[in-house]
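Mind having a look at this structure? Questions to follow.
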4 protein chains.
Amino acid sequence: MPRKPQQARSRQTYDAIIQAAYIAIAKNGSESTTTRQIAEIAGIGVGSLYEYFENKQAILDALIEHFAQAIAAHVKALTPSLVRIPLTDAVYELTLKFAEFLKANDEQYLKCARSLMLHDNHTLLSPVYRALGELFTKHAIAHPEQLQLKNLPTVAYIFINSGVYSMTRYLSHPNPAFSFEELAQVLANMAGHYVAMELKAD
Amino acid sequence: MPRKPQQARSRQTYDAIIQAAYIAIAKNGSESTTTRQIAEIAGIGVGSLYEYFENKQAILDALIEHFAQAIAAHVKALTPSLVRIPLTDAVYELTLKFAEFLKANDEQYLKCARSLMLHDNHTLLSPVYRALGELFTKHAIAHPEQLQLKNLPTVAYIFINSGVYSMTRYLSHPNPAFSFEELAQVLANMAGHYVAMELKAD
Amino acid sequence: MPRKPQQARSRQTYDAIIQAAYIAIAKNGSESTTTRQIAEIAGIGVGSLYEYFENKQAILDALIEHFAQAIAAHVKALTPSLVRIPLTDAVYELTLKFAEFLKANDEQYLKCARSLMLHDNHTLLSPVYRALGELFTKHAIAHPEQLQLKNLPTVAYIFINSGVYSMTRYLSHPNPAFSFEELAQVLANMAGHYVAMELKAD
Amino acid sequence: MPRKPQQARSRQTYDAIIQAAYIAIAKNGSESTTTRQIAEIAGIGVGSLYEYFENKQAILDALIEHFAQAIAAHVKALTPSLVRIPLTDAVYELTLKFAEFLKANDEQYLKCARSLMLHDNHTLLSPVYRALGELFTKHAIAHPEQLQLKNLPTVAYIFINSGVYSMTRYLSHPNPAFSFEELAQVLANMAGHYVAMELKAD
DNA sequence: AATGAATGAGATTTCATTCAT
DNA sequence: TATGAATGAAATCTCATTCAT
């Protein structure tokens with residue numbers, strides 16, 4: 001039964017735990033991360049973890065939520081400028097910016113993403129999908145011809161998954177056979193061409 | 001000091017262990033699968049596992065290799081018929097056949113795939129990527145205009161990752177918002193449109 | 001370094017802790033009761049417990065002493081009226097009154113008794129035995145023929161233990177096979193018959 | 001998931017664990033006994049406990065069952081000779097023999113009894129109550145006038161509880177004020193007088 | 001005097017691996 | 001070669017107690 005932090009320093013410890021979890025997971029993967037490691041990195045005693053979290057899983061869940069919020073916030077921040085430009089350019093830009101974001105802090109986010117992405121947290125990751133979906137929708141509204149697209153949700157789903165996964169995988173590949181810009185360009189074209197063709201078809 | 005099986009009976013036991021590992025992982029995930037479970041399912045003693053494999057990880061590696069070979073074989077078997085038909089149709093067909101393959105045996109392969117992608121061993125999965133790459137290449141040869149495509153490896157890489165991941169994620173989604181055929185169609189169009197547009201551009 | 005409470009407010013807190021301990025032990029048993037629970041129920045901080053008590057055991061000891069005093073006081077209050085009536089009636093009455101006492105407050109005392117008898121501290125419970133012994137003695141004085149009884153202390157010891165334990169056990173039995181009145185009657189007759197026969201023998 | 005012992009030495013280990021639990025509980029009480037202690041006393045690794053028992057509680061349960069069986073067997077062995085003699089003598093004899101039994105092996109059984117008796121194992125201890133009840137019944141059959149007794153089950157219940165608890169408590173008292181023979185005599189008379197008076201009353 | 005965040009020793013439990021048979 | 005009992009390091013989690021505020 002973790003207590004809700006009541007004093008000022010509590011918040012600090014809570015955040016320290018989440019940050020420590022990021023570092024530990026980036027280093028060892030979520031499955032191999034132990035409570036001791038997290039406590040050590042956070043510079044606190046093991047017992048203190050349980051003042052703030054029910055159990056280990058609760059720490060991971062909080063981290064994922066935090067992560068999802070961070071990504072969603074990043075996407076939202078980019079949204080206004082991206083909706084103004086053509087789809088191809090928007091996807092290209094988003095891809096680059098996203099990669100930059102993932103690679104910050106010694107690739108902490110990237111490493112965590114790889115470890116967490118497949119834990120099927122459909123619910124926990126939903127803010128991300130919502131933010132990306134909204135970006136898609138807003139872009140369509142700003143470019144009304146795109147509203148004609150059939151299967152918009154399906155298309156969004158696939159574009160998003162394709163982009164996120166290709167990027168994540170690329171970034172964690174030790175010796176990629178091509179540059180990241182190339183990848184971004186192909187992703188962008190894939191989206192652009194798809195929309196162009198579909199619209200022409202009608 | 002495990003030895004590669006040399007006798008017929010040994011080979012049988014070796015295979016039984018791999019099959020048991022499939023079953024256990026499909027049921028509990030790779031992290032929660034224990035050596036005891038594997039031995040029990042395989043119908044042998046725990047100690048015997050170590051006659052055939054150095055350690056637990058070696059079993060998982062062997063399973064992944066086996067899995068990769070199985071997928072590659074499946075792709076290779078489909079290749080001759082797929083290279084003959086237009087790209088869009090080929091992707092559509094491949095997606096459906098692939099899903100069917102993953103869902104066989106009570107979704108054993110699908111469940112394993114989800115659990116194993118976590119450890120995403122680039123080397124172990126390479127036969128799959130090679131087989132899919134070869135399918136791409138052969139298709140291009142059978143439709144020579146596609147050889148003009150810029151960045152063919154990059155494009156292949158992205159198409160493959162996009163397809164595999166979107167599909168895996170879709171299939172493990174409890175309440176998908178659209179049908180699998182829709183997904184396959186969008187993937188197919190994505191590929192078809194991309195190639196069409198790129199070729200026209202030159 | 002806890003101090004005995006010297007001010008009125010302190011005394012209140014001290015009592016609140018004891019009461020909280022009663023509640024917690026009745027609910028969870030003495031082994032599962034934590035200092036946090038006690039503090040929470042008492043409406044004070046954990047740290048404050050240690051202003052009043054050396055450690056957790058000291059709280060339990062104080063509770064047992066309090067409990068013993070409460071029981072002793074109850075017995076003493078009944079003594080004057082019980083000494084007047086025949087032994088059989090007195091035992092019957094005492095048994096019923098005692099059970100009533102244990103079952104008050106949602107069986108708080110009963111539940112605590114069951115949990116605390118485990119640690120059966122002969123010294124801590126001695127006030128109870130003293131009060132019951134005194135009741136016995138006074139009854140004998142009021143009925144002088146009983147003073148002839150051999151082994152009076154032994155007899156008292158056995159009657160008391162028999163009564164207390166049979167009653168406690170009965171009251172915590174989920175589906176007793178007979179009524180409490182029956183039990184009280186048999187206990188009463190046991191005492192009455194014993195004394196009658198012993199006196200006749202001389 | 002403990003395995004049922006399949007090899008010969010398994011039984012040995014199982015028994016060693018139970019014996020170790022007796023020793024540990026006699027020494028520290030059931031609440032303070034740890035799995036490590038048990039393993040150490042048994043001369044095995046901690047992990048081995050879990051080859052034979054689901055968890056710690058399962059060890060205690062097995063011990064209680066073992067204990068109950070041992071007591072019941074002891075009572076059954078005494079039954080044939082006790083049913084032949086008058087009630088008073090039978091109770092006296094039973095008390096002495098029972099005490100002897102409890103004090104064997106450095107009072108191991110006695111100490112365990114004190115620690116376990118109040119854990120309200122109505123179900124686990126039922127073999128004991130059954131054996132004692134049967135002794136009562138057989139005695140009544142051998143002395144048919146006793147069959148006239150009202151409330152036989154209630155009386156048996158009280159006699160048994162009174163005897164067991166008085167004895168246990170006496171034996172664990174550091175400085176008893178009277179001899180054990182006195183106690184046995186009073187218990188015996190209590191039973192004898194009760195029955196005599198009740199039968200005369202009718 | 002009062003607090004409650006922090007502590008860390010210690011409890012239970014798991015499981016890959018070994019080794020005597 | 002095959003076995004499965006035994007192992008013990010290591011993981012998660014609890015909670016009485018302390019101490020800075």
Among residues at least two apart in sequence or on other chains, which ones pass salt bridge (Lys or Arg N to Asp or Glu O under 4.0 Å) with Asp106(B)?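 Partners of Asp106(B) under the salt bridge (Lys or Arg N to Asp or Glu O under 4.0 Å) test: none.
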Distances for protein N or O near nucleotides 10-13 of chain F N or O, under 3.5 Å:
unit_1	atom_1	unit_2	atom_2	d
dT12(F)	OP1	Lys56(A)	NZ	2.8
dT12(F)	OP2	Thr35(A)	N	2.9
dT12(F)	OP2	Thr35(A)	OG1	2.8
dC13(F)	OP2	Tyr50(A)	OH	2.9
dC13(F)	OP2	Lys56(A)	N	2.9

Nearest whole Å is fine: how far is dA2(F) C1' from Phe53(B) CZ?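 For the pair Phe53(B) CZ and dA2(F) C1', the rounded distance is 16 Å.
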Using atom CD of Glu51(D) as one end and atom P of dT3(F) as the other, report the distance to the nearest whole Å.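 It works out to 16 Å between those atoms.
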Going by side-chain contact (heavy atoms from CB on, under 4.5 Å), name the residues that satisfy it together with Ile44(C), two or more places apart in sequence or in a different chain.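 Testing Ile44(C) for side-chain contact (heavy atoms from CB on, under 4.5 Å), a comparison that skips the adjacent residues, returns Thr13(C), Ile17(C), Ala39(C), Ala42(C), Ser48(C), Leu49(C).
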Can you check the Glu31(D) CD to dC15(F) P distance for me, whole Å?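 That distance rounds to 13 Å.
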Please determine, by modelled atom types, if Thr168(D) and Arg114(D) share a side-chain donor-acceptor pair under 3.5 angstrom.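 Distance-only check fails for Thr168(D) and Arg114(D).
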Separation between SG of Cys112(A) and CG of Asn105(A), rounded to the nearest 0.5 Å: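 One gets 10.0 Å once the value is rounded to the nearest 0.5 Å.
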I'd like to know if the side chain of Ser115(B) and the backbone of Ser30(B) have a donor-acceptor N/O pair within less than 3.5 Å.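 Yes; judged by distance alone, with no hydrogens or angles, the pair exists.
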Any side chain to side chain donor-acceptor pair (under 3.5 Å) pairs touching residues 18-29 of chain C, not counting sequence neighbours?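 As it turns out, the side chain to side chain donor-acceptor pair (under 3.5 Å) pairs with a partner in residues 18-29 of chain C, which skip direct neighbours, are Tyr22(C)-His66(C).
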Check: Phe53(D) and Asp61(D) side chains under 4.5 Å, non-hydrogen atoms: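 No; the side chains remain at least 4.5 Å from each other.
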Euclidean distance, atom OH of residue Tyr52(B) to atom C1' of dT17(E) [Å, nearest integer]: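 Going from Tyr52(B) (OH) to dT17(E) (C1'), I get 18 Å.
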Closest-nucleotide mapping onto DNA chain E: is Ile44(A) or Gly47(C) further toward the 5' terminus? I mean the 5' end.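 Nearest-nucleotide comparison on DNA chain E picks Gly47(C).
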Send over the distance from Ile59(C) CD1 to dA16(F) P, rounded to a whole Å.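 Result: 9 Å.
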Per-residue pairing states of DNA chain F in dot-bracket (Watson-Crick or G-U under 3.5 Å; . unpaired, | other strand) read .||||||||||||||||||||
If you check the Ser48(A) side chain, which of dA2(E), dT7(F), dA6(E) turns out closest?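 My answer, after comparing the listed nucleotides, is dA6(E).
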Figure out the CD/P separation between Glu40(B) and dT3(F), and round it to whole Å.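 So the two atoms are 13 Å apart, to the nearest Å.
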Let me know, please, whether Ser32(B) or Gly45(A) comes out on the 5' side of the other along DNA chain E by nearest nucleotide.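 Closest to the 5' end, via its nearest nucleotide, is Gly45(A).
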Under the side-chain hydrogen bond (donor to acceptor under 3.5 Å, both in side chains) test, residues paired with Asp15(C) that sit two or more places apart: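 Asp15(C) satisfies side-chain hydrogen bond (donor to acceptor under 3.5 Å, both in side chains) with Arg11(C) only.
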Under 3.5 Å: donor-acceptor pair, side chain of Lys111(C), backbone of Ser172(C):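 Judged by distance alone, no pair lies under 3.5 Å.
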Could you check how far CZ of Arg11(C) sits from P of dA1(E), rounded to whole Å?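 Atom CZ in Arg11(C) sits about 15 Å away from atom P in dA1(E).
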Between C1' of dA9(F) and CG of Leu49(D), the distance in whole Å: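 To the nearest whole Å, that distance equals 16 Å.
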